Amino acid sequence: MMKKLAIASSAVIAVVLLSGFAFRGGHHGWGHNPERIKQVVTWKLNDKLDDLDATEAQRQSIHAVKDRMLEQGAKLAEEQRGVRSEVVGQLESATPDAKRLHALVDERIEALRAFAHQATDAALEVHGTLTPEQRKELATEFRERTGME
């Protein structure tokens, strides 16, 4: 049970790193500006690392994970924008290619699945970076925020 809880608690950091809001355009004035997204996520992550009294080594390791995941997330978002254009083009056509539209759905599901696995690996990497006390603190906070108490 504690191992599952510890893994779940490390997912809190992954959520901060991978928040869907970061890649949606037009929310919070961020638009599609990857640098602004990175800046805001970095601020939030630094706040959390401050709360955890993270060491410099932990900070460097976790920020490397953040940078890698933001890069992958931005790539995924860019691919999605391209797919939307193709879908609109298909739907504007008098004879949309159903086979192609279904293939696009399958491609996006596979891309999201791959990203979800990368996010899980990132959460496990962060989990291994944190001390048991830090993981417990994250787990407690996660439980409080999600009403799991």
Side-chain angles (χ1 to χ4, degrees), residues 1-88 90-91 100-149:
M1 175 72 174
M2 279 307 290
K3 186 173 184 177
K4 285 183 180 181
L5 179 60
I7 290 172
S9 69
S10 66
V12 171
I13 295 256
V15 168
V16 170
L17 298 177
L18 306 171
S19 298
F21 70 85
F23 297 106
R24 284 186 283 184
H27 291 76
H28 309 291
W30 303 357
H32 295 288
N33 183 340
E35 285 307 310
R36 178 70 175 140
I37 293 167
K38 182 177 181 179
Q39 183 181 45
V40 172
V41 171
T42 298
W43 288 340
K44 288 179 179 271
L45 181 57
N46 280 334
D47 284 346
K48 182 52 53 193
L49 292 173
D50 289 345
D51 292 346
L52 294 173
D53 294 323
T55 66
E56 187 57 34
Q58 287 175 315
R59 287 173 183 275
Q60 288 178 2
S61 176
I62 292 168
H63 276 287
V65 172
K66 171 207 63 172
D67 292 343
R68 186 176 69 237
M69 293 311 300
L70 282 173
E71 183 179 315
Q72 291 297 321
K75 180 181 172 191
L76 187 69
E78 186 60 37
E79 291 169 356
Q80 185 62 27
R81 282 190 282 280
V83 169
R84 275 185 285 202
S85 294
E86 186 173 350
V87 168
V88 169
Q90 284 287 338
L91 296 176
R100 178 62 186 147
L101 287 169
H102 284 279
L104 287 170
V105 168
D106 291 343
E107 289 168 16
R108 296 321 307 149
I109 288 171
E110 288 308 313
L112 289 170
R113 183 187 325 272
F115 185 74
H117 284 285
Q118 290 170 346
T120 299
D121 290 341
L124 291 169
E125 187 176 342
V126 169
H127 178 271
T129 302
L130 299 174
T131 67
E133 295 80 20
Q134 290 167 324
R135 291 190 298 259
K136 184 177 180 183
E137 186 176 333
L138 281 177
T140 299
E141 182 179 325
F142 182 77
R143 286 180 173 280
E144 289 171 0
R145 287 182 182 240
T146 59
M148 293 177 55
E149 290 188 276

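By convention here, the first residue in the shown sequence is residue 1. Note that this is a predicted model, so its numbers are computed, not measured.
Residue pairs meeting the salt bridge (Lys or Arg N to Asp or Glu O under 4.0 Å) criterion with at least one partner in residues 52-62, sequence neighbours excluded, are Asp50-Arg59. The stretch residues 115-132 participates, sequence neighbours left out, in these salt bridge (Lys or Arg N to Asp or Glu O under 4.0 Å) pairs: Arg68-Glu125.
Legend: residues meeting side-chain contact (heavy atoms from CB on, under 4.5 Å) with Thr42, ordered by chain and number and at least two apart, are Lys38, Asn46, His63, Lys66. Qualifying side-chain contact (heavy atoms from CB on, under 4.5 Å) partners for Arg113, counting only residues two or more places apart in sequence or in other chains: Ile109, Glu110, His117. Applying the side chain to side chain donor-acceptor pair (under 3.5 Å) test to Gln90 and every residue at least two apart in sequence or in another chain returns nothing. In this structure Glu35 satisfies the side chain to side chain donor-acceptor pair (under 3.5 Å) test with no other residue, sequence neighbours excluded. Take Ser61 and apply the side-chain contact (heavy atoms from CB on, under 4.5 Å) test, not counting sequence neighbours, and it matches Thr129. Asp51 is linked by a salt bridge (charged side-chain N to carboxylate O under 4.0 Å, His left out) to Lys48, counting only residues two or more places apart in sequence or in another chain.
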Please report, to 0.1 Å, the donor-acceptor pairs under 3.5 Å made by any side chain of residues 101-108, with sequence neighbours excluded.
| residue | atom | partner | partner atom | Å |
| --- | --- | --- | --- | --- |
| Glu107 | OE2 | Arg100 | NH1 | 3.1 |
| Arg108 | NE | Gln80 | OE1 | 2.9 |

Walk me through whether Ile37 and Asn33 qualify under side chain to side chain contact (heavy atoms under 4.5 Å, CB included). CA-CA 6 Å; Ile37 293 167; Asn33 183 340; 5.8 Å; no
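Rounding to the nearest 0.5 angstrom, the gap separating the CG atom in Leu91 from the CD atom in Glu86 is 10.5 Å. In this structure, CG in Leu49 is found 8.0 Å from CD in Gln58, a value given to the nearest 0.5 Å.
Ion pair Arg81/Glu78 flagged as a salt bridge, since at least one NZ, NE, NH1 or NH2 atom sits closer than 4.0 Å to an Asp/Glu carboxylate oxygen.
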